[in-house]
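Have a look at the structure below, then the notes.
Atoms within each ligand, like the ligands themselves, are counted from 1 in listed order. For this chain, numbers begin at 1 and follow the sequence in order.
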Amino acid sequence: MGKTIIVTGGAGFIGSNFVFHMLDGHPDDRIICLDKLTYAGNLSTLCSVMDRPNFRFVKADICDRNAVNGLFEEEHPDIVVNFAAESHVDRSIEDPGVFLRTNILGTQVMMDACRKYGIERYHQVSTDEVYGDLPLDRPDLFFTETTPIHTSSPYSASKASADLLVLAYHRTFGLPVSISRCSNNYGPYQFPEKLIPLMIINALHDKPLPVYGDGLNVRDWLYVEDHCEAIDRIIHDGRVGEVYNVGGHNEMANIDIVKLICHELGKPESLITHVADRKGHDLRYAIDPAKISRELGWLPKTKFSDGIKKTVAWYLNNRDWWETIISGEYQNYYEKMYGNRV
Ligand code: NAD
Ligand code: TYD
């Protein structure tokens, strides 16, 4: 018999890709997307699956205990995968409060419901940013699951706090949890405030490409589908109580990515504009994925050179998706879809 899986944050970038991944790969499962539809949630992303009998969308806040408990009583989920979060470092520097609320307290509410109603697995989608950064002149160093937590931004501090709480719920209450800490994702449906979609869209409009500082900061990029596959394996075969790092040795300096995007789009590098650096800007992230490879046989399938081409093509072929974001129209989509429904 199929499982019932609550996917929080499923109207966002990675969550929506995960919803598609699960509906394709596990057609017997029932997928319930719980999402508050913040500025980062876009219900139109899910329009192709909205009418599937084994899919349900619920607009709710993960911090709303009554709404979350009500959903558990209705759906009796077997598995919860918690993607819902405030996810943008720059916004966390401007206004940390909502990051603490959603990322920490929201995680608590979801886990309390799992304790109260019982669950097979609670999976927390975390980030490599909880490890802080690595120096640029030590390419031999990588984050492993035992690297100490050492956060830099309010965003990473909130994600690390949530991770600690998840592990505490396992140790104290025996909640069957797992955690994945993934590197930077890219691919379809990423909100255009993040590096890659922002640069693609600005370049298409011949607008300046704002590179923070010298652009030499390094990120370890993973195609979003590879991340979804990793989570799929962890929730089914990963060990309870364990952390799994997810990443694919695809390190790139920001400036090289922006140049590559200019090249792919036939735009001049003169669009690149160096702007003031991000406060507390992490220098380098790099994941050692040995544990998930060894235990679960996971390896990334998409090379960066192919993934970036696919991503640029997706943004070229799906202008409507991001144009309605830029115009703000996407935030009316829920009203249009659900305004007349009871
Ligand atoms: P996103 O910002 O694109 O999407 C977040 C989603 O969560 C949105 O749909 C939003 O509406 C929803 N949400 C926010 N607050 C909510 C709340 N209080 N209740 C219910 N829903 C709420 O984020 P993303 O890039 O898809 O990231 C998803 C998860 O993966 C996050 O937990 C993030 O920390 C983690 N992560 C992201 C990356 C990355 O490169 N993007 C890398 C590693 C880990
Ligand atoms: P981002 O996509 O925000 O992800 P994260 O901060 O979680 O790694 O940024 C990726 C890198 O790109 C990061 O080093 C900051 C840099 N950056 C720019 O140089 N310019 C930009 O406009 C943005 C959004 C990011």
Open item on the list: With ring-ring contact (aromatic ring centres under 6.0 Å, His included) as the criterion, how do Y122 and H170 come out once you've worked through the C-alpha distance, each side chain's angles and the decisive distance to 0.1 Å?
Closed with: CA-CA 10 Å; Y122 172 87; H170 173 62; over 10 Å; no
By number and element, which atoms of ligand 1 are closer than 4.0 Å to a non-hydrogen atom of [X]?
X: N184; answer: 40 (O)
X: A60; answer: 19 (N), 20 (C)
X: S126; answer: 43 (C), 44 (C)
X: K36; answer: 16 (C), 17 (C), 18 (N), 19 (N), 20 (C), 21 (N), 22 (C)
X: L37; answer: 11 (O)
X: A84; answer: 7 (O), 20 (C), 21 (N), 22 (C)
X: Y155; answer: 33 (C), 34 (O)

Which heavy atom of the protein is the closest neighbour of [atom], given with residue, atom name and distance?
atom: atom 38 (C) of ligand 1; result: I14 CD1, 3.6 Å
atom: atom 19 (N) of ligand 1; result: I62 N, 2.9 Å
atom: atom 31 (C) of ligand 1; result: F83 O, 3.2 Å
atom: atom 35 (C) of ligand 1; result: V125 CG1, 4.0 Å
atom: atom 5 (C) of ligand 1; result: A85 O, 3.5 Å
atom: atom 42 (C) of ligand 1; result: S183 O, 3.3 Å
atom: atom 25 (C) of ligand 2; result: Y212 CE1, 3.6 Å
atom: atom 40 (O) of ligand 1; result: N185 N, 2.9 Å
atom: atom 4 (O) of ligand 1; result: G12 CA, 3.4 Å

Run the numbers for me: atoms of ligand 2, each under 4.0 Å from some heavy atom of [X], listed by number.
X: H88; result: 3 (O)
X: V89; result: 6 (O), 7 (O)
X: K194; result: 2 (O)
X: V211; result: 19 (O)
X: H281; result: 13 (C), 14 (O), 15 (C)
X: L198; result: 22 (O)

Proximity flag [X] to ligand 1, non-hydrogen atoms under 4.0 Å:
X: S16; answer: no
X: C182; answer: yes
X: G10; answer: no

Task: Candidate pair S161 and S158, rule side-chain hydrogen bond (donor to acceptor under 3.5 Å, both in side chains), full reasoning - done: CA-CA 5 Å; S161 306; S158 68; over 6 Å; no
TODO: Please determine if N82 has a nitrogen or oxygen closer than 3.5 Å to a nitrogen or oxygen of ligand 1.
DONE: no
Task: Check: S87 N/O within less than 3.5 Å of ligand 1 N/O - done: yes
Task: H263 NE2: over 12 foreign heavy atoms closer than 6.0 Å - done: no
TODO: Step through the shown structure and confirm whether more than 12 heavy atoms of other residues, nucleotides or ligands are within 6.0 Å of NE2 on H150.
DONE: no
Task: Region of I196 that comes within reach of ligand 2 [heavy atoms, distance under 4.0 Å] - done: neither
Open item on the list: Heavy atoms only, cut-off 4.0 Å: how does N184 contact ligand 2, side chain, backbone, both, or neither?
Closed with: side chain
Task: Intermediate values then yes/no, side-chain hydrogen bond (donor to acceptor under 3.5 Å, both in side chains), K291 and T144 - done: CA-CA 8 Å; K291 179 175 174 181; T144 72; over 6 Å; no
Residues [X], [Y]: salt bridge by 4.0 Å N-O rule:
X: E120; Y: K3; answer: yes
X: E86; Y: R101; answer: no
X: R239; Y: E295; answer: yes

Option of least heavy-atom distance to [atom] (set: [options]):
atom: atom 3 (O) of ligand 1; options: F99, Y285, Y189, F13; result: F13
atom: atom 24 (C) of ligand 2; options: R219, R284, E129, E193; result: E193
atom: atom 11 (O) of ligand 1; options: D35, T45, T8, T127; result: D35
atom: atom 15 (N) of ligand 1; options: I231, T38, V224, N42; result: T38
atom: atom 1 (P) of ligand 2; options: L195, L283, N185; result: L195

Open item on the list: I'd like to know whether K309 forms a salt bridge (Lys or Arg N to Asp or Glu O under 4.0 Å) with E264, so could you lay out the CA-CA distance, the side-chain angles of the two residues, the decisive distance to 0.1 Å, and finally the verdict.
Closed with: CA-CA 7 Å; K309 282 196 170 65; E264 287 294 326; 3.7 Å; yes
Open item on the list: Regarding ligand 2, does N217 bring an N or O atom to under 3.5 Å of one of the ligand's N or O atoms?
Closed with: no
Open item on the list: Tell me whether Y285 has any N or O atom under 3.5 angstrom from an N or O of ligand 2.
Closed with: no
TODO: Would you mind reporting whether L222 and N184 have side-chain heavy atoms less than 4.5 Å apart?
DONE: no
How are the rings of [X] and [Y] set to each other: parallel, tilted or perpendicular (split at 30° and 60°)?
X: F18; Y: F83; value: tilted
X: Y212; Y: H281; value: perpendicular
X: F304; Y: Y186; value: tilted

TODO: State which residue, out of F13, Y330, Y189, fulfils the ring-ring contact (aromatic ring centres under 6.0 Å, His included) condition with W321.
DONE: Y189
Open item on the list: Using only atom types and a distance under 3.5 Å, with no angle test, would you say the side chain of W298 pairs donor to acceptor with the backbone of D226?
Closed with: yes
Open item on the list: Please evaluate residues R91 and Y155 with respect to the criterion side-chain hydrogen bond (donor to acceptor under 3.5 Å, both in side chains), reporting the C-alpha separation (whole Å), side-chain torsions for both, the decisive distance (0.1 Å), and the verdict.
Closed with: CA-CA 8 Å; R91 286 180 188 256; Y155 163 68; over 6 Å; no
Task: Mode of D61 contact toward ligand 1 - side chain, backbone, both, neither (heavy atoms, under 4.0 Å) - done: both
Task: Proximity to ligand 1 by part of K159, non-hydrogen separation under 4.0 Å - done: side chain
Task: Residues H227, H21; criterion ring-ring contact (aromatic ring centres under 6.0 Å, His included); working and verdict - done: CA-CA 10 Å; H227 186 188; H21 173 94; over 10 Å; no
Open item on the list: D320: which residues meet the side-chain contact (heavy atoms from CB on, under 4.5 Å) condition with it, sequence neighbours left out?
Closed with: E323
